[in-house]
Structure formats: C-alpha cells, structure tokens
Chemist: 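Pasting a structure below so you can have a look.
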Amino acid sequence: MKRLALFILSALATLSVYAQDITGQWNGMLSVQGQQLRLVLHVVRADTGYTATVDSPDQGAKGIPVTTVTFKDPVLRFEITSLHIEYSGELKGGLISGTFKQGGMSMPMDLSRAAVEKKAVVRPQEPAKPYPYPSEEVTFENKKANITLAGTLTLPAKEGIFPVVVLISGSGPQNRDEEVMGHKPFLVLADHLARNGIAVLRYDDRGTAGSKGNFATATSEDFATDVEAAMLYLQTRREINKKKIGLVGHSEGGLIAPMVAARNKDVAFMVLLAGPGVPGDQLLLLQTEKLARASGADETAVQKVKEINKGAYALVAHTSNTEALQAALTAYLQQQIKDKDQLKAQVAQMTAPWMRYFIRYNPVPVLQKVKVPVLALNGAKDLQVPAQENLEGIRKALAKNKNATIKELPGLNHLFQEASTGLPQEYGTIEQTISPIAITEISGWIGRLTQ
C-alpha cells in the first residue's frame, strides 16, 4: 500500500530569545521519503519576546503557527506538539544547523537567510516526448457511478489491432502514472509495453487529477467498477483486440483485478504486482510488523503495536454501525493516544469507507474463481505487501488454475525497485523507477500469452 504519512505542518508559537537577533525569514529543505519539502520560518519581535509562523510552500501551506520556540544562544528549538514535530539547531555564522524530528524519524535540516532551491530529481527510466508510438488523451464514463474518468491510451503503432492492458493503481488517490515520490511507474511500464506491441490504458483514480467523482467515499468495490468502465471503453476502439484485454494491478490494484476477472468474461488475463493474498486485517498487521522491525523497533514494541492494532481491526470487522464503531474505537484507543486531535484523526481514518471495506475483505474466495491466466509477482524486500505470505496465499487460492505463474523477485521492494532496505522512505532516494527484471517478466509473459 502506498498510504504514506507526509509532513503537514500546523499551529502557533511563542518565541523567547536571548542575545543574537533571529528575527526575519529562515529557509530550509526537508528530504522526506525522497521528496524535497521547503520550509520557511518567519520570526517577528513581540512585546513578550517573539512569535513565529511556518510556511510549507510545496504543500500549499502558509502562515502555520508553531507551539513553542526557545532560543538560548546559540541553540534554537521549536515544537509543534499536535504533530509531534521538534526542531533543534545551532546558530553559527548566519546558518542554523540542526535536526528535524517527527513520529520517531529524524532528519537533518539547516536554516539560512538565503532562499533554498529544490534539486532536480533524476529518473533515468522516464520516457521523454516525442514518443515513438501514438499516445492519446481519452475520457470514458462509469455509468454505474455517473462519473467521467480521464486517462491515456498508448498504442504500439498507428495502424493495427493490438492486445491491451488496463493498469490499476495501488491505494490512495493516484494519477494515471501512479506517481509517488517523484517516480511514475505506470508511465515507465506503459512506455515499455507500447514499445513491445502491447497497448495500455491508464487513468486517473476517481476524484483525482482529470477524473471526476469522490475518492474519499469509494471502496475497492467502487474502484472495480471504474476498471469495468475502462474495459467497456476499450471495446469501442477499433485498434483493440477485444479477445485480448488484460488487467495489470499493483498493490490494491492487485486486489481489484481479481474482482473484475472473476465476474467478467471479457478479461483475457491478469497480472498481479504485489497483490494481496491474505485478508485485509492480516495484511495490515503483517505490514506493521515488517515495517517496524526494518525500522529498528525492538520486539516488545513491535508486539505491543501489533496487539493494539489487532484489537482495533476486530472492532472494525464486527461493528457495522458507524457511530457505534467511532465510539468503540475512541474508547479503545484513548488509552494509547493521549493527543485528542491525533486520536480523532486515527478514528476517522479507521472508520472511513475504504478502510472498513479493506479490513473486512478476504481476497482468497475471489481468487479461487479466477480461471484466466495469471502472473503474480512480488519483490522479496516488499515490506508493505510481504512476498512470502501473500504469494503463498495467492498460490493456494489459484491451485486449480492451470495457467498461474507465481514468482518472488529477489532484491526488489514494493515498487519493484532494486532496494537496500525495502522501507518506504527509500523509494524516493532510488533513481530506478522499476527494475528491468520486473518489466521484462511482465512484458515477456503478456507477449507470449497474446501472440
């Protein structure tokens, strides 16, 4: 899953200062999970000392207050308690060198008077225009949901009839390129497939970029109807081989693809990239455990968080009334989460339609109904949809499917990058968008199947 917490700064600050003058504007740059986020601290003198606000230009936030600030020459400290943010730095020669902390993570951040420019991100696999194949902006309608979706259809050539795949993105509002941390994996994959004789339709999730609809109220089942709408659109195109329409789903997309394939005879084949093979609550527990261990958490802390989450997921699974669930989760979690705003946000996240559906969903019965050829791939270093447990679940579910290929790819993470740790914060620091090993596995299998 690609639901990753970004730094959204807020609240107001009182600043006490000694000696050096720190009034004015200070500029810094955070490197957050491979993304560059500029931060601007404004310090103003007041009757009782100083006040300060923060801007986060790359997140469209301006005039955000801090909670407390102290300056004991030469050390500046500030906190945003509601978001568990701390900063401590030493002022020397016009530069404040320090450390920014949030949610157990620490990263260096210097503050200076000079403006800070973002560094160019290098993504060598990203194709550049003009492409050597037709690429068309398209729209199509999901009549069931009464929304219009926008996407891109790439064709191997101007003339011909081609096999095609619909790309289905992972969790969270994704654009047609499944853009994350400066990477555009669906753009890279579509480019490769088009160059190898396979047409591709990729589209913005509902309520995202050019697509209409409300993402926040949608579940995986709703997203499945968007895929079906994409297939109906492809059947109207003269360039498409109607008998060779396939689905390629990544992460949550690997949960959605079997839904569609199991009930739709027009699906010819399916590729699952880090697709779930265990129930949603089990997957979330596995994800928490793997990520915590890889981040260096001790075993006692890992098991404690796991047990707390297990109890919360059980409440979600067995409480149908929304108000009753909100009350039950609030009572259950308030002993663990003391900050009221954080508690409210956590309860809201867990009672959202998508999360409730996901926690309760078991992909196995649907996978058992899939009769078309299936390729299931997962990276050995995937910490979000761990390979061993999920591929084994898929393997067992597809035991009666005579054309199922299941592979674990060594050294690859959840995005199928060649990785060191597999942690999400590493994604953006890796230049590679998708390993050539994964790309050729996908295109080779589809190519052999559709010849």
Chemist: If I take atom CD from residue Gln346 and atom OG1 from residue Thr351, how far apart are they, to the nearest 0.5 angstrom?
Modeler: 10.0 Å
Chemist: Name the one of Asp204, Asp205, Thr208 that satisfies side-chain hydrogen bond (donor to acceptor under 3.5 Å, both in side chains) with Arg176?
Modeler: Asp204
Chemist: Under 3.5 Å, side-chain donor or acceptor atoms of residues 222-231 against the rest of the protein: list the pairs with distances, not counting sequence neighbours.
Modeler:
from	atom 1	to	atom 2	distance (Å)
Asp222	OD2	Thr219	N	2.8
Asp222	OD2	Thr219	OG1	3.3
Thr225	OG1	Asn142	ND2	3.0
Thr225	OG1	Asp222	O	2.6
Asp226	OD1	Asn142	ND2	2.7
Asp226	OD1	Arg206	NH2	3.0
Asp226	OD2	Arg206	NE	2.9
Glu228	OE1	Arg263	NH2	3.3
Glu228	OE2	Arg263	NE	2.8
Glu228	OE2	Arg263	NH2	3.3

Chemist: Flag the pair Ser31 / Leu37 as yes when at least one side-chain heavy-atom distance between them is below 4.5 Å, and no otherwise.
Modeler: no
Chemist: Got a sec: does the NZ of Lys338 have more than 12 other heavy atoms crowding it under 6.0 Å?
Modeler: yes
Chemist: Do other residues, nucleotides or ligands put more than 12 heavy atoms under 6.0 Å from Lys242 NZ?
Modeler: yes
Chemist: Are more than 12 heavy atoms from other residues, nucleotides or ligands located less than 6.0 Å from atom CD of Gln388?
Modeler: no
Chemist: Rounded to the nearest 0.5 Å, what separates atom OG1 in Thr319 from atom CG in Leu329?
Modeler: 7.5 Å
Chemist: Verify the distance criterion only: is there a donor paired with an acceptor across the side chains of Glu137 and Thr152 at less than 3.5 Å?
Modeler: yes
Chemist: Side chains of His192 and Ser443: do they bring a donor and an acceptor to under 3.5 Å?
Modeler: yes
Chemist: Would you sort out whether Lys184 and Glu178 count as a salt bridge (Lys or Arg N to Asp or Glu O under 4.0 Å), showing the intermediate values?
Modeler: CA-CA 6 Å; Lys184 298 178 180 179; Glu178 203 189 32; over 6 Å; no
Chemist: Flag the pair Asp177 / Arg202 as yes when at least one side-chain heavy-atom distance between them is below 4.5 Å, and no otherwise.
Modeler: yes
Chemist: Check Pro127 against Tyr131 and note the closest heavy-atom contact, atom names and distance.
Modeler: CB-CE2, 3.9 Å
Chemist: What's the shortest heavy-atom distance between Glu289 and Val302, and which atoms?
Modeler: CG-CG1, 3.9 Å
Chemist: On a heavy-atom basis, which atom in Ser220 and which in Trp354 lie closest, and how many Å separate them?
Modeler: OG-NE1, 3.8 Å
Chemist: Are side-chain N/O atoms of Glu418 and Gln432 paired as donor and acceptor at under 3.5 Å?
Modeler: yes
Chemist: Is the closest side-chain heavy-atom distance between Phe416 and Pro185 below 4.5 Å?
Modeler: no
Chemist: Just so I know, are the side chains of Pro424 and Leu291 near enough to count as touching, which here means a heavy-atom distance under 4.5 Å?
Modeler: yes
Chemist: Could you check whether any side-chain heavy atom of Leu283 comes within less than 4.5 Å of a side-chain heavy atom of Pro386, counting everything from C-beta outward?
Modeler: yes
Chemist: Take Lys212 and Glu141 through the salt bridge (Lys or Arg N to Asp or Glu O under 4.0 Å) test and state the conclusion after the steps.
Modeler: CA-CA 10 Å; Lys212 306 301 181 183; Glu141 187 179 358; over 6 Å; no
Chemist: Do Leu377 and Ile442 make a side-chain contact, defined as non-hydrogen atoms from C-beta onward lying under 4.5 Å apart?
Modeler: yes
Chemist: Within the 4.5 Å heavy-atom criterion, are Asn214 and Thr217 side-chain neighbours or not?
Modeler: yes
Chemist: Does atom CG of Asn146 have more than 12 heavy-atom neighbours, drawn from other residues, nucleotides or ligands, at distances under 6.0 Å?
Modeler: no
Chemist: Within this structure, what is the CZ-CG distance for the pair Arg237 and Leu234, rounded to the nearest 0.5 Å?
Modeler: 8.5 Å
Chemist: Does any part of the side chain of Ile168, heavy atoms only, come nearer than 4.5 Å to the side chain of Leu247, both counted from C-beta?
Modeler: yes
Chemist: Could you tell me which non-hydrogen atom of Val40 sits nearest to which non-hydrogen atom of Pro57, and how far apart they are?
Modeler: CG2-CG, 4.2 Å
Chemist: Could you check whether atom CD of Gln235 has more than 12 heavy atoms from other residues, nucleotides or ligands sitting under 6.0 Å from it?
Modeler: yes
Chemist: Roughly how far, to the nearest 0.5 Å, is CD of Glu431 from CD of Gln417?
Modeler: 11.0 Å
Chemist: So which heavy atom on Ala216 is nearest to which on Pro353, and how close?
Modeler: O-CD, 4.0 Å
Chemist: Could you check Lys304, Lys306, Arg293 and say which one makes a salt bridge (charged side-chain N to carboxylate O under 4.0 Å, His left out) with Glu299?
Modeler: Arg293
Chemist: Which atom names give the shortest non-hydrogen contact between Ser251 and His414, and what distance separates them?
Modeler: OG-NE2, 3.1 Å
Chemist: With rounding to the nearest 0.5 Å, note down the distance linking CG in Asp382 to CG in Leu415.
Modeler: 8.5 Å
Chemist: How long is the straight-line distance from OG1 of Thr154 back to CG of Leu193, given to the nearest 0.5 Å?
Modeler: 7.5 Å
